[in-house]
Amino acid sequence: MVDSKPGGPRRKLRARARILHLDIDAFLASVVQLTEPATFGQPLAVGTGVVASRSYEAKVRGVETAMPLSEARRRCPELIVHEGDAALAMRFRKRVGEIVGRFAARVELTSLDDMYAELQGHATDPIDLASRIRAQVRTETGLSVAQGIGATKTLARLATTKAKPGGIHWVRPGAERRFLDPMPVEMLPGVGHKTAETLATYRIRTVAELRLVDRTLLAETFGVRGEELYLKARGLPCGAGDFVRELDVEHGRPGGSWGETSDTREISRTTSLWEATSDPESLRAMLTYLVDRAAKALRERGRIAARLDVVLGLASGGPSAFEARERPRRSPTSLHRGIALAPPSSTTRVLVERAIALLESLLDEHRCLVRLVGVRLGRLRMAVHGQQERFLFAEDEPGLDLRGQRIDTALDHLRARHGFAAVLAGEANALRGSLALGRDGFRLRTPSLTL
DNA sequence: TCTGGGGTCCTAGGACCC
DNA sequence: TCTGGGGTCCTAGGACCC
């Protein structure tokens with residue numbers, strides 16, 4: 001490549017690229033503390049089963065994220081446990097995104113509580129810019145943020161971990177290796193439990209040690225990820241994923257400067273059940289509800305799905321003792337079945353029908369106690385607008401449900417005005433009575449994370 | 001201490017076609 | 001009647017992230 005030589009255009013680009021990573025401190029817990037004054041200043045954990053987020057006061061008492069709540073309570077008996085509210089959190093997140101968008105060329109919202117921004121040029125001191133962002137977020141939302149600045153996303157994100165809570169850390173050009181070298185390898189994004197374990201067998205524990213490993217050896221051992229490790233250990237950008245991505249114009253502010261990424265690959269909705277069950281009727285009801293929610297999210301993003309997967313999480317024991325005796329093998333903890341959708345669809349009625357068929361086939365083959373139900377819509381593509389679709393396909397095209405589409409359009413409008421619960425899809429109505437129903441839908445097991 | 005939900009990306013093996 | 005190889009798509013599963 002021409003531009004790979006020293007001093008070439010790519011090198012210049014890299015030197016100039018400046019990415020800011022922003023992470024909202026103790027996000028879900030902070031949202032609760034800001035909206036429920038009684039919890040302010042108290043040790044607070046948000047989550048169901050495990051800690052999704054905890055306040056500073058809980059942290060200093062030894063409560064950590066991802067820790068089972070039982071353990072958290074043991075360490076901190078006065079802990080207040082809150083279910084959280086995903087919809088409310090999303091509104092806070094959106095406001096933070098808007099604020100950052102005033103200061104940056106573009107913003108990419110990556111997860112619930114963090115985002116990347118691309119800073120323009122060298123005109124402004126990045127520390128000064130980050131300070132202004134922090135002050136503005138504090139003023140307008142009450143939230144505290146930590147920020148990292150670096151030449152790549154990886155560097156910016158690692159800088160943020162140094163800045164927590166509430167601080168700002170800039171990895172200046174030229175200081176990358178000094179910054180990375182002492183870190184344990186598992187701090188590099190992409191190095192999880194398994195990879196760290198494998199590296200440890202080679203006595204590789206820090207980034208400095210990782211940097212001594214031959215490039216081809218890494219590639220042979222870890223494949224594509226090995227190549228990425230080589231680059232990340234040097235603070236070099238690895239692929240398009242290390243630059244701030246394009247925005248979703250439709251889903252973000254029209255013509256605006258921030259949004260979610262435009263290339264969403266899949267949309268899934270999953271929930272644990274309040275009680276494990278093998279009752280096909282209640283499983284169908286819950287799956288119908290989840291497909292309806294996922295389909296709505298799909299349409300909001302102007303997408304259709306060419307793939308649908310159903311997942312069942314099994315209660316301990318997996319298949320029944322009877323089945324285990326018949327076919328002695330390690331019992332699976334989950335069952336999964338998927339199908340390609342041709343033509344692709346975003347129609348609730350079509351998607352529900354397919355999902356239920358998959359569920360039925362799983363239940364026919366396995367006798368099991370189910371504790372978790374989920375649906376995933378994948379292979380997403382841009383939707384063709386309804387009007388055009390009518391010209392492109394005949395009314396009787398199999399799998400294309402024009403009546404269903406009209407129903408969805410009406411449904412989406414109705415729900416935009418009166419809330420999701422205004423109408424429920426077919427079998428989902430069976431959940432009435434057994435689950436609390438609010439304006440935005442049923443209260444599922446984990447309200448802090450389920451939309 | 002034994003557990004949440006929503007994502008991304010990679011790989012392996014099989015089906016199928018030319 | 002038996003024999004090749006490559007490309008592509010599909011499915012299932014796993015590692016990893018916050």
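Being a predicted model, the structure only gives us computed values, none of them experimental. Within every chain, numbering begins at 1; the chains are lettered A, B, ... in the order of the sequence lines, protein sequences first and strands thereafter.
- Following rounding to the nearest Å, A:Ile267 (CD1) and B:dT8 (C1') show an atom-to-atom distance of 14 Å.
- Looking at heavy-atom distances under 4.0 Å, A:Leu69 makes no contact with the nucleic acid at all.
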- Query: Passes side-chain contact (heavy atoms from CB on, under 4.5 Å), A:Ile19 versus A:Leu119? Steps please.
  - Reply: CA-CA 6 Å; A:Ile19 293 170; A:Leu119 307 182; over 6 Å; no
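- Spacing between C:dC17 and B:dT3 at atom P, rounded to whole Å, works out to 22 Å.
- Note on A:Thr65: nothing from the nucleic acid sits closer than 4.0 angstrom, heavy atoms only.
- Here B:dG4 presents its C1' atom at 17 Å from CZ of A:Phe27, a figure rounded to the nearest Å.
- An OP1 or OP2 oxygen of B:dG5 is reached within less than 4.0 angstrom by a side-chain nitrogen or oxygen of A:Ser272.
- Comparing C:dC18, B:dG6, B:dT8 by their closest approach to the side chain of A:Glu266 singles out B:dT8.
- Looking at DNA chain B, the stems built from 3 or more consecutive Watson-Crick or G-U wobble pairs, each pair with its key distances under 3.5 Å, are B:5-18 with C:5-18.
- One side chain, A:Thr348 or A:Arg299, offers a donor N or O that lies under 3.5 Å from an acceptor on the other.
- Applying the 6.0 Å contact sphere to CZ of A:Phe222 captures more than 12 heavy atoms from other residues, nucleotides or ligands.
- Residues passing the side-chain hydrogen bond (donor to acceptor under 3.5 Å, both in side chains) test with A:Asp364: none are found, sequence neighbours excluded.
- Straight-line distance from the CZ atom of A:Arg74 to the P atom of B:dT3: 16 Å, rounded to whole Å.
- Between A:Leu273 and A:Val224, the residue anchored nearer the 5' end of DNA chain B, judged by the nucleotide with its closest heavy atom, is A:Leu273.
- Side-chain N/O atoms of A:Ser70 include one lying less than 4.0 angstrom from OP1 or OP2 on B:dC2.
- With hydrogens and angles left out, the side-chain atoms of A:Thr277 and A:Asp279 include no donor and acceptor closer than 3.5 Å.
- The 5' end of DNA chain B is approached more closely, in terms of each residue's nearest nucleotide, by A:Thr450 than by the other of A:Phe222 and A:Thr450.
- Spacing between atom CG of A:Leu229 and atom C1' of B:dC10 amounts to 14 Å, rounded to whole angstrom units.
- Atom CZ of A:Arg75 and atom C1' of B:dC2 are 14 Å apart (whole Å).
- Distance CZ (A:Arg73) to C1' (B:dT1): 13 Å, rounded to an integer number of Å.
- Regarding contacts with the backbone of B:dG7, a side-chain N or O of A:Ser268 is found under 4.0 angstrom from either OP1 or OP2.
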Under 3.5 Å donor-acceptor pairs involving side-chain atoms of residues 60-70 of chain A, not counting sequence neighbours:
unit_1	atom_1	unit_2	atom_2	d
A:Arg61	NE	A:Glu78	OE2	2.9
A:Arg61	NH1	A:Glu57	O	2.9
A:Glu64	OE1	A:Arg54	NH2	3.1

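- When each of B:dC10, B:dT1, C:dC18 is scored by its nearest atom to the side-chain atoms of A:Glu71, the top-ranked nucleotide is B:dT1.
- Whole-Å rounding puts the A:Lys153 NZ to B:dT8 P distance at 12 Å.
- Across the protein-nucleic acid pair, A:Leu28 atom CG and B:dG4 atom C1' stand 11 Å apart, rounded to whole Å.
- Within the structure, no pair that satisfies the ring pair (Phe, Tyr, Trp, His ring centres under 6.0 Å) test touches residues 59-92 of chain A, not counting sequence neighbours.
- Looking only at atom types and distance, the side chain of A:Arg337 has a donor-acceptor partner in the side chain of A:Ser361 under 3.5 Å away.
- Contact annotation: A:Thr270 side-chain N/O to B:dG6 OP1/OP2 distance is under 4.0 Å.
- For residues 426-451 of chain A, the set of pairs meeting the ring pair (Phe, Tyr, Trp, His ring centres under 6.0 Å) definition, not counting sequence neighbours, comprises A:Tyr289-A:Phe442.
- Taking side-chain N and O atoms only, A:Thr48 has no distance below 4.0 Å to OP1 or OP2 of B:dG4.
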- Item | Sequence-aligned protein contact record of nucleotides 11-17 of chain C, with B where the base is within under 4.0 Å of a protein heavy atom and S where only the sugar-phosphate is | BSS-SSS
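- Each of A:Ile168, A:Leu129, A:Val171 was evaluated against A:Ile149; a single residue qualifies, A:Ile168, per the side chain to side chain contact (heavy atoms under 4.5 Å, CB included) test.
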